[in-house]
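Contents: one structure, followed by commentary.
Side chains are part of it too, since the values below use all heavy atoms of this structure and drop only hydrogens, waters and symmetry mates. Residue numbering restarts at 1 for every chain, and letters A, B, ... go by the order of the sequence lines.
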There are 2 protein chains.
Amino acid sequence: MSLELERERLSAFFQFGQSVDCVVFGFDGVSLQILVIERGAEPFYGAEALPGDLVRIDEDIDKAATRILHDLTGLDNVFLDQLKTFGRVDRHPMGRVVTTAFYSLINQTKYNPRPASWAVKARWKSLAELHEMAFDHRELLETALDALQSQVRQQPIGFELLPEEFTLTQIQNLYEAVLNTQFDKANFRKKILSMGVLKPLDKTEKAVRHRPARLYQFDTQRYHSLSKQGFLFEL
Amino acid sequence: MSLELERERLSAFFQFGQSVDCVVFGFDGVSLQILVIERGAEPFYGAEALPGDLVRIDEDIDKAATRILHDLTGLDNVFLDQLKTFGRVDRHPMGRVVTTAFYSLINQTKYNPRPASWAVKARWKSLAELHEMAFDHRELLETALDALQSQVRQQPIGFELLPEEFTLTQIQNLYEAVLNTQFDKANFRKKILSMGVLKPLDKTEKAVRHRPARLYQFDTQRYHSLSKQGFLFEL
DNA sequence: GCAAAAGTGTTTGATCTACACCCATGA
DNA sequence: TCATGGGTGTAGATCAAACACTTTTGC
């Protein structure tokens with residue numbers, strides 16, 4: 001069969017729409033937050049949704065995710081990890097749209113969603129505040145949460161959610177919020193420090209009404225060199 | 001903006017092809033195997049490829065994966081897990097095709113790919129035997145391998161690769177092949193038995209020229225009841 | 001008896017858990 | 001000086017690695 005004929009026969013298949021949706025996690029010091037937008041177009045006009053849109057026909061999916069997240073929220077330089085693809089026939093009321101979900105952890109202090117210039121309003125919401133969402137976005141969100149919980153224990157991605165410099169208690173609070181557990185303070189500290197990927201700084205917190213805590217930095221270089229030697233971050 | 005107008009504006013986006021590709025792992029007692037087919041159509045006619053095809057416009061992606069795997073290899077009742085979606089613009093020479101890869105572990109003894117009736121030849125190949133593959137299938141395969149290696153340590157999916165009844169040495173060989181390591185026999189046994197998900201049978205191997213090994217079965221029920229109590233399978 | 005693999009026990013050191021205790025700061 | 005969290009030490013339990021040893025089968 002010639003290429004031409006084949007192409008002809010296949011044309012009936014080339015009618016899918018492809019979209020991306022981004023689950024962006026943040027942490028405000030107490031609870032996990034998700035970046036949502038208010039939809040500015042049908043369907044689900046005005047409903048809360050994950051930032052997402054249709055991919056252009058000449059655009060890589062990964063690049064589309066980055067572009068679309070930027071277009072809708074102003075966020076830049078965000079590392080997006082692919083989560084899963086959702087392809088039920090009836091998931092989009094306006095046609096056959098397959099969506100690929102991405103997720104990301106960002107440092108909330110670096111991004112304040114108060115954009116005067118963007119048409120769409122983006123804002124942080126805690127899990128508890130989120131109820132109805134457009135499309136199957138609630139399902140995407142749950143899937144992202146599961147992925148986050150299992151990834152956060154095996155890779156040092158939690159630090160993405162914190163400011164550059166942070167205290168050990170901040171990390172502990174973060175892990176407790178994400179994994180929904182409690183850790184013993186002494187043991188948590190010993191464990192995380194024993195991995196050797198935190199660089200202690202000669203700085204402390206300011207203006208707290210108790211003994212100020214030492215600040216630490218995640219030591220990316222050291223983590224990479226340890227990784228090459230077979231070291232695995234865990235818990 | 002009305003729904004009609006919106007639909008009109010969007011039509012330019014609805015020109016994607018969606019395909020699925022399946023990475024099916026088997027184990028022959030010594031090394032990990034992958035089920036491949038010889039392509040019967042352009043492009044890459046005659047080349048080795050993962051079983052895969054275009055999804056129909058009215059078909060769920062998950063269901064398409066099951067159907068296509070069956071059409072191409074005769075395999076049935078296979079649990080397919082979604083792996084990742086590959087969406088580079090130039091990954092398919094005949095148009096914009098986004099593919100979603102699935103993967104699965106099956107018991108090789110239950111499936112002998114010697115189908116007289118199927119047009120396409122499916123066969124097992126070990127990793128070492130596989131070189132050139134159609135499209136970006138080599139990349140999909142590598143991704144599946146990574147996923148397999150990390151999943152196999154956290155969930156009791158390795159048993160899918162073994163016959164119903166197996167010896168402890170068989171499991172150990174399997175784990176060593178998949179993870180590409182060596183385990184101490186005594187310690188491996190203690191660990192896997194201590195999890196309490198293997199049911200010892202009153203049977204042994206036959207026709208071996210050494211002391212015959214006891215046979216075991218994976219105890220699915222017990223695994224599920226332990227899981228509910230927070231038990232985690234590991235290593 | 002011998003080869004070959006099945007199967008078990010022990011020692012040692014590392015790691016985890018629980019919990020008690022001391023320290024530095026602001027008010 | 002008191003309240004509040006920061007920060008540390010230790011005993012006991014649990015777990016993991018290394019390795020030697022015994023058992024059962026076919027030939």
Starting from P on D:dT14, measure out to CD on B:Glu234 and report it in whole angstrom. 19 Å
Rounded to whole Å, the CD1-C1' distance (A:Ile171 to D:dG6) equals 14 Å
May I have the distance from A:Lys203 (atom NZ) to C:dT25 (atom C1'), rounded to whole angstrom? 20 Å
Under 4.0 Å from OP1 or OP2 of D:dG5: is there any side-chain N or O of A:Thr169 that close? no
Spacing of A:Phe188 atom CZ relative to D:dG6 atom P, expressed in whole Å: 12 Å
Shortest non-hydrogen separation from A:Gln155 to A:Phe233 and the atoms involved: C-CD2, 3.5 Å
Got B:Lys199 and B:Gln221 here, is their nearest side-chain heavy-atom distance under 4.5 Å? no
Reading 5' to 3' through nucleotides 17-27 of chain D, protein heavy-atom contacts under 4.0 Å coded B for base, S for sugar-phosphate only, - for none: BBB---BBBS-
Nearest-Å distance, CZ (A:Arg189) to P (C:dT17)? 17 Å
Hydrogens and angles aside, do B:Thr169 and B:Arg189 bring a side-chain donor and acceptor to less than 3.5 Å of each other? yes
Electrostatic pair B:Lys191-B:Glu234, nearest N-O below 4.0 angstrom: no
note: A:Ile192, atom CD1; D:dG7, atom P; distance rounded to Å ~ 14 Å
Measure CZ/B:Phe183 against C1'/C:dA6 and give the value in whole Å, please. 19 Å
Euclidean distance, atom OH of residue A:Tyr216 to atom P of D:dG7 [Å, nearest integer]: 6 Å
Less than 4.5 Å apart, side chain to side chain, heavy atoms only: is that true for A:Phe188 and A:Ile171? yes
Using the ring of each side chain (for Trp, its six-membered ring), is B:Phe218 parallel, tilted or perpendicular to B:Phe159, with breaks at 30° and 60°? parallel
